[in-house]
Amino acid sequence: MASEQPRVIVVGGGLAGLAAAVRIAEAGTPVDLFSMVPVKRSHSVCAQGGINAATEPVKQEGFSEWNHFDETLLGGDFINHQPPVYEMAYWAPKVIDLMDRMGVPFNRTAEGFLDRRYFGGSVFRRTHFAGASTGQQLLYALDEQTRRYEAAGKVNKYEFWEFLWPVLDEDGECKGIVAQDMRTMEVKAFRADAVVIATGGNGVVFGKTTMSVICTGAAAARCYQAGAWLGNPEMIQVHPTAIPGEDKCRLMSESARGEGGRVWVPAVKDESGEWKPHPDAGRHPNDIPEHERYYILEEAYPNYGPTPRHGNLVSRDVATRGIFFAVQKGFGVGGGRMAYLDITHLPADTKEKLAAILEIYEKFTGDDPRHVPMKIFPAVHYSMGGLYTVYESDYDQPKFLTDIVPPRETKESDPSKGPHPGMVNGSPWNMMTNIKGLYAFGEVNYQYHGATRLGANALLSCIFDGLYCGLSVVNYVKNVVTNHAADMAADVFNAAVADEQAKIDHLVQNQGEVNPYELHRHLGEVMTDACTVVRTEQGMIDALEQVRDIKEQYSRVRLTDTGLWTNQNLSFARALWDMILYAEAMLLAGIERKESRGCHYHLDYPDRDDASFLATAVTEYDPEADEHTVMWEDVPTPLVQPRIRSYGKKETDDEQGGKKKAAKKKAAKKVARKKSSKKKSTRRKKSSAR
Amino acid sequence: MNASQSTTSSTKTPSTVRIKVKRQDRPDTDPYWQPFDVPFVANANIISCLQQIASKPVTADGRRVAPVAWDCNCLEEVCGACTMVINGVARQSCSTLLHELVSDGTGTTDEPIVLEPMSKFPVLRDLFVDRSRMFNNLKAIKGWVPIDGTTSLGSGPKEDQASQDMRYALSRCMTCGCCLEACPQFTFDNDFVGAQVIGQALYFNMHETGAELKDDRLEAMEAPGGIADCGNAQNCVKVCPKELPLTEAIASVGRQTTVHAIKSFFTGK
Ligand SMILES: Cc1cc2nc3c(=O)[nH]c(=O)nc-3n(C[C@H](O)[C@H](O)[C@H](O)COP(=O)(O)OP(=O)(O)OC[C@H]3O[C@@H](n4cnc5c(N)ncnc54)[C@H](O)[C@@H]3O)c2cc1C
Ligand code: SF4
Ligand code: SF4
Ligand code: FES
């Protein structure tokens, strides 16, 4: 018997964290909610385009949850675990209904029902939206419900508190956290019977990104150092359309293309009908005649979707490469690095639906995108990889899952039906990491999106995790936990606080000459060069060398602020260490994944290799030895078999638009190499980080 | 690139720009001013200047000092964190671009850019203030839709486009506090709720289920510090970065409150 009611800690107040807090508090379990910023300012506010669900009208148009599920797998290039994706797709209409009931001002049809738009990687209209600031409205609705539970005393908020470390008991079960008040700098331990990490993505590892400044991945990397595994850390989404800026890259949402926006570059056709960069680089876009506009994606993917222009909406990795290679071949605007995203031809009421992003563009560039095409370039945007999590389903579990999820005692499903294709509702294991009692929800976990996330699926997966797996957390603390945190002796917690305090003291007193901000800039450049749109083996190996050098320099970091009050420098420099470790894991997994899949486009191995790599790269870190291990876990495919991902590509062309020969040559080289590195037999391979 | 190379020349395109920051080490210590010179980059925002200072906290006169603390997150004017008083006006430092501030767009470095923390909230450090009052006020007006729970119970109420338009506009309030900084009635230590909360009260009252708590909200609006304290100066609406329809909101909640007060008078509730 517990001496006290079980408590749950949720770290992170974005969509995933708030949905979890609401769901858990609703079930009567008190929640302590931690966030580095007031939860209403979490990164989720940035989300623009929308949230997917095959709702009733979608079904009457001939599509279904199954199509949503299937497109998500195709987008992810089939390394997404299928039961969780299935459950998410079939749960999605409920999420929309719920958010609608919470008062989210979704756009409406003339008659007053929910409006929908097209989105990337999909051939049907299934994206629900509130203008072009959907994330803001969804987050606020959950923030409001959280405030309601806060007012009722069921949720306790710790805002401006930074999570530093998970506290594990002697059995390795998670029993709380150590956190620091970012204002007073107080370091303190908090007890809980389960901890949910919902800390979002890690784009800041790459320096400039579309993400917010606190999206460093540090919280995940801290769990990683404490023994949690990462899944597919190499899978990083680069969004095709962003505006590069001094301090960050600002996203121009896929909704611009969903509403009919087109991507083009200035060009001219030669005698053979081939596009060539236009000799006059200095023209104003509005002076460029239609026949000198090369619609790169439409031409490359003419057979995708309901209209010939739907090629603009191919999966993000594909669109990004299209733009990247066009620019590389000299097609960039003014000979530079940008392409045009053009919405000038759209009717005024459609532009109105995009107002939120058009305002951003206008504000930061000074040009009015209603009249002048926007200049865009790809930017790091989303982390498909993240903390490794398990789940329970009716199917045989993959290898590592069976080590963690105990065999089911009774199969409760209706014997007259086959196995349930999704997850087991309420199972305490859903979205638990390999550390018992430590969960990961939202962008921070590696589930659902495989090797490329489809647009408008992230908001869904975050809210779904919180709601659906929130129940799992409740069931875990009520039915599984025997050793309650409240009953534990204080020494484990005190020791954890002392450890963190020692790290802080060391960092504050360090007398080196290295500036953490400059070191971070360097890390970002190295990672952006080697581990984004196009990757090569040598590139990643060299980058790993450089990251190790950065790690060495880190030991000589000197803070510009050594004060003990609201020291932002400390928080940043501390996160830099975690970013360096995360970067190593990304590169190591990237080097070992000797194939191309989704966003992992590997020039040395341009083809997908299901025989060897229909698998998750699971990384484990050994802090004593400072060593990462990459382990491979096959991804089961109980529902859909992997198929070729073409997105209606023009027959004679490959993605790079006519570099077939080069690719073939490389493929030949690949076969030769693969003999020496046949993966399947050696599923566990040490990769030293030193 | 060195921040200590201060230039006071009046060349047309400045290579550096001077930024004067009002600093305060702790909530209970006195404020003081420090000048910094940072490289001028067209299209750069105030935040990137502060990032430069964080990286190399050296004043214009070459003194090494503690870096300036400030609050930010999204860097695209949607999280509301980065509000400060820039050249006397409360606004978002992420969407304030340098070239707007340096006179005539190309300008000179003679006139410094002045950064101050908001004056209506307690300073934590430097430009970083504590706005919990705004969030607490949302609690006081029961700023939520009282749904039955998260289980699936069908869709929400049907809504016409005009109502959605208005609610969408109101839902974009990012709790930045610009409206409160500009409001003559909202002070550091009185209890006026200000335009932010009035806007949100309307937002929830407009929703069919949200309206179930309308009476509670209007009672909060009738309490001391409620809508009666608004002097209709309209400063709020001029500075709101998200262009909320605050004038309409104040008028509308004012009417709702009057109706509610009369109703309570006659029903004795
Ligand atoms: C510009 C942009 C537009 C997007 N548009 C869309 C879209 O239209 N549709 C879509 O589906 N997806 C979109 N996405 C993706 C989506 O917004 C994110 O994946 C999602 O919001 C992540 O939510 P989250 O709850 O996992 O984390 P976040 O919203 O990132 O929240 C993380 C939380 O964790 C807290 N935190 C982090 N570290 C710590 C720590 N150490 N200690 C304490 N707290 C911590 C933070 O304070 C924050 O509260 C977009 C992303 C970007 C960048
Ligand atoms: S109208 Fe004037 S007094 Fe009323 S809230 Fe706005 S600024 Fe304040
Ligand atoms: S009403 Fe406008 S100015 Fe006031 S807090 Fe909201 S967004 Fe900011
Ligand atoms: S940093 Fe979010 S509004 Fe400026």
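Each chain gets a letter, A, B and so on, in the order its sequence line appears, and its residues count up from 1. Computed from a predicted structure; not experimentally measured.
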[X] side chain to [Y] backbone, donor-acceptor under 3.5 Å:
| X | Y | answer |
| --- | --- | --- |
| B:R125 | A:W565 | yes |
| A:E111 | B:D160 | no |
| A:E26 | B:T150 | yes |
| A:R41 | B:G80 | yes |
| A:Q568 | B:W70 | yes |
| B:E76 | A:R250 | no |

Shorter than 4.5 Å, heavy atoms on both sides: which option in [options] has the most such pairs with chain A?
| options | value |
| --- | --- |
| B:A44, B:P67, B:S152 | B:P67 |
| B:H207, B:Q161, B:R64 | B:Q161 |
| B:L153, B:D165, B:T209 | B:L153 |
| B:A81, B:S48, B:A66 | B:A81 |
| B:P146, B:G210, B:S132 | B:P146 |
| B:R131, B:K242, B:M206 | B:R131 |

Exercise. Residues two or more places apart in sequence or in another chain: which of them pass side-chain hydrogen bond (donor to acceptor under 3.5 Å, both in side chains) with A:E159?
Worked result: none
For this session: Mind checking side-chain hydrogen bond (donor to acceptor under 3.5 Å, both in side chains) for A:H43 and listing every partner two or more places apart, or none if nothing turns up?
Result: A:S212
Determine whether [X] and [Y] make a side-chain contact, defined as any pair of heavy atoms from C-beta on separated by less than 4.5 Å.
| X | Y | result |
| --- | --- | --- |
| A:F364 | B:L97 | yes |
| B:F204 | A:E144 | yes |
| A:V213 | B:C72 | yes |
| B:N43 | A:T365 | no |
| B:Y203 | A:P105 | yes |

Nearest-0.5 Å distance, [atom1] of residue [X] to [atom2] of residue [Y]:
| X | Y | atom1 | atom2 | answer |
| --- | --- | --- | --- | --- |
| A:R148 | B:W144 | CZ | CH2 | 7.5 Å |
| A:C249 | B:L75 | SG | CG | 11.0 Å |
| B:N45 | A:E246 | CG | CD | 8.5 Å |
| A:R147 | B:K142 | CZ | NZ | 14.5 Å |

Problem set entry | Over 12 foreign heavy atoms within 6.0 Å of CG, B:D28 | yes
Exercise. Near A:E513 CD, under 6.0 Å, is it more than 12 heavy atoms from other residues, nucleotides or ligands?
Worked result: yes
Of the backbone (N, CA, C, O) and the side chain (C-beta and beyond), which part of [X] lies under 4.5 Å from a heavy atom of chain B, both, or neither?
| X | value |
| --- | --- |
| A:D115 | neither |
| A:D561 | both |
| A:R183 | side chain |
| A:A356 | both |
| A:Q48 | side chain |
| A:P93 | neither |
| A:S42 | backbone |
| A:F106 | backbone |

If you count heavy-atom pairs under 4.5 Å between each of [options] and chain B, which one has the most?
| options | result |
| --- | --- |
| A:L139, A:L251, A:D247, A:I214 | A:D247 |
| A:L467, A:D143, A:T109 | A:T109 |
| A:V22, A:N569, A:N107, A:I360 | A:N107 |
| A:M211, A:M36, A:E150, A:R23 | A:E150 |

Problem set entry | Shortest non-hydrogen separation from A:T560 to B:A54 and the atoms involved | OG1-O, 3.3 Å
For this session: Check step by step if ring-ring contact (aromatic ring centres under 6.0 Å, His included) holds for B:F128 and A:F160.
Result: CA-CA 12 Å; B:F128 190 171; A:F160 294 118; 5.3 Å; yes
Seminar exercise, completed: Contacts satisfying side chain to side chain donor-acceptor pair (under 3.5 Å) that involve residues 167-180 of chain B (not counting sequence neighbours) are A:K40-B:T175, A:S133-B:Y168, A:Q136-B:R172, A:Q137-B:S171, B:E159-B:R167
Exercise. Step by step, would you call B:Q51 with A:Y517 a side chain to side chain contact (heavy atoms under 4.5 Å, CB included)?
Worked result: CA-CA 9 Å; B:Q51 287 172 337; A:Y517 296 94; over 6 Å; no
Exercise. Tell me, side chain or backbone of B:V78 under 4.5 Å from chain A's heavy atoms, or both, or neither?
Worked result: both
Problem set entry | chain B-proximal positions within residues 94-104 of chain A [heavy-atom distance under 4.5 Å] | A:K94, A:D97, A:L98, A:D100, A:R101, A:M102, A:G103, A:V104
Problem set entry | salt bridge (Lys or Arg N to Asp or Glu O under 4.0 Å) between B:K56 and A:E518, intermediate numbers included | CA-CA 10 Å; B:K56 281 210 183 70; A:E518 278 165 19; 3.1 Å; yes
